[in-house]
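Working notes, structure below.
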Amino acid sequence: MHLSQSALHPLDVGVALHLVDAPVAASYADLGSALGLSASTVHASVKRLTDAGLLRQGFDGERAVNRHALLEFLTHGVRYAFPAVLGRPTRGVPTAHAGPAIADRLVADEAVVWFAVDGKSSGPALEPLLPKAAQIAPQQPRLYALLSAVDALRVGRARERQLAATYLSHALRISRAAVRL
């Protein structure tokens with residue numbers, strides 16, 4: 001017998017973070033439109049997230065993010081599952097330690113950015129986990145902050161990672177005691 005195992009894709013992180021605040025019965029088409037993805041891509045992502053235990057899906061079709069498991073994966077696994085590779089300096093949207101989640105708590109020499117033609121910052125490029133993150137950032141500031149915190153976990157040093165983990169714990173409404181790096 002051959003069992004198929006589904007592995008998470010980088011965009012699944014963005015889908016999971018979006019689902020934290022999305023209506024539980026939102027259609028795949030609506031979710032895809034909000035994320036710049038097709039409905040079939042979101043459907044496949046939801047299946048992978050469910051298989052991984054990061055999402056619970058009831059018989060009624062309603063979805064619920066397993067917030068504790070998601071936080072655990074983000075704080076301990078995302079930088080290994082989806083390692084960050086910094087590219088050439090470019091213009092773009094600030095992320096990681098320069099993003100809205102933790103930038104006000106740090107003094108950084110250089111921003112890390114998601115490439116965007118109309119970007120206001122410059123620094124080493126980082127491919128976002130969610131393909132259209134730079135385009136949806138202005139329309140969805142909360143999702144932008146969450147994704148930038150995840151990038152801080154991927155590229156940051158210990159202090160940036162701790163600040164990002166604390167931010168995500170608060171944003172996911174999980175007690176600070178649950179956050180240990």
Side-chain angles (χ1 to χ4, degrees), residues 1-85 92-96 99-101 113-119 125-154 164-165 167-174:
M1 174 176 8
H2 180 335
L3 299 175
S4 116
Q5 178 151 357
S6 67
L8 291 174
H9 295 192
L11 67 85
D12 297 341
V13 173
V15 172
L17 291 172
H18 180 69
L19 288 172
V20 167
D21 295 321
V24 292
S27 71
Y28 293 116
D30 290 342
L31 294 169
S33 176
L35 296 170
L37 302 169
S38 69
S40 62
T41 299
V42 173
H43 182 270
S45 177
V46 166
K47 168 97 170 81
R48 289 188 299 269
L49 289 164
T50 303
D51 290 348
L54 300 177
L55 188 65
R56 296 182 189 109
Q57 200 157 359
F59 292 112
D60 55 3
E62 292 189 351
R63 297 171 288 271
V65 175
N66 182 344
R67 293 167 191 257
H68 286 279
L70 179 59
L71 182 64
E72 180 180 7
F73 173 68
L74 295 176
T75 56
H76 300 292
V78 77
R79 70 186 183 135
Y80 302 107
F82 310 119
V85 177
V93 176
T95 188
V113 300
W114 298 324
F115 170 76
V117 173
D118 58 345
L126 177 64
E127 189 70 28
L129 295 173
L130 190 62
K132 305 267 181 171
Q135 290 82 17
I136 65 173
Q139 290 84 34
Q140 297 188 51
R142 178 164 157 79
L143 181 58
Y144 169 35
L146 292 169
L147 288 167
S148 72
V150 171
D151 282 346
L153 291 170
R154 293 172 62 215
Y167 175 84
L168 287 165
S169 172
H170 177 71
L172 296 175
R173 296 179 279 293
I174 296 173

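Atom CG in Leu168 sits 8.0 Å away from atom CG in Leu70 (nearest 0.5 Å). Note that CG of Leu153 is 9.5 Å distant from NE2 of His76, once rounded to the nearest 0.5 Å. Here CD of Gln135 is found 9.5 Å from CG of Leu130. Values are rounded to the nearest 0.5 Å. Rounding to the nearest 0.5 angstrom, the gap separating the OG atom in Ser45 from the CG atom in Leu37 is 8.0 Å. For the atom pair CZ of Arg154 and CG of Leu129, the computed distance is 4.0 Å after rounding to the nearest 0.5 Å. Taken to the nearest 0.5 Å, the OG atom of Ser148 stands 9.5 Å off from the CG atom of Leu143.
Between Leu31 and Val15, the closest side-chain pair of non-hydrogen atoms is not below 4.5 Å. Annotation: side chain of Arg67 is in contact with side chain of Val20 (closest heavy-atom distance under 4.5 Å). Taking 4.5 Å as the limit, some side-chain heavy atom of Leu146 sits within range of a side-chain heavy atom of Tyr167. Contact annotation: the side chain of Leu35 never approaches that of Leu11 to less than 4.5 Å [non-hydrogen atoms, C-beta and beyond]. Side-chain contact between Leu147 and Trp114 is present, with at least one heavy-atom pair separated by less than 4.5 Å.
Closest heavy-atom contact between Val93 and Ala137: CG1-CB, 4.3 Å. Scanning both residues, Pro100 and Tyr144, for their nearest heavy atoms gives CD-CZ, 3.4 Å. When every heavy atom of Ala52 is checked against every heavy atom of Leu8, the shortest pair comes out as CB-CD2, 4.0 Å. Here the shortest heavy-atom pairing between Ser27 and Arg63 reads N-NH2, 4.5 Å. Nearest heavy-atom pair, Ala101 versus Ala149, reported as atom, atom and distance to 0.1 Å: CB-CB, 3.8 Å. Across all non-hydrogen atoms, the minimal contact from Leu126 to Ala84 is CD1-CB, 3.6 Å.
Without hydrogens or angle criteria, Arg142 side chain to Ala171 main chain gives a donor-acceptor distance under 3.5 Å. Between the side chain of Asp12 and the backbone N or O of Leu49, no donor-acceptor pair lies under 3.5 Å. Judged by distance alone, with hydrogens and angles left aside, the side-chain atoms of Ser169 form no donor-acceptor pair with the main-chain N or O of Ala165 at under 3.5 Å.
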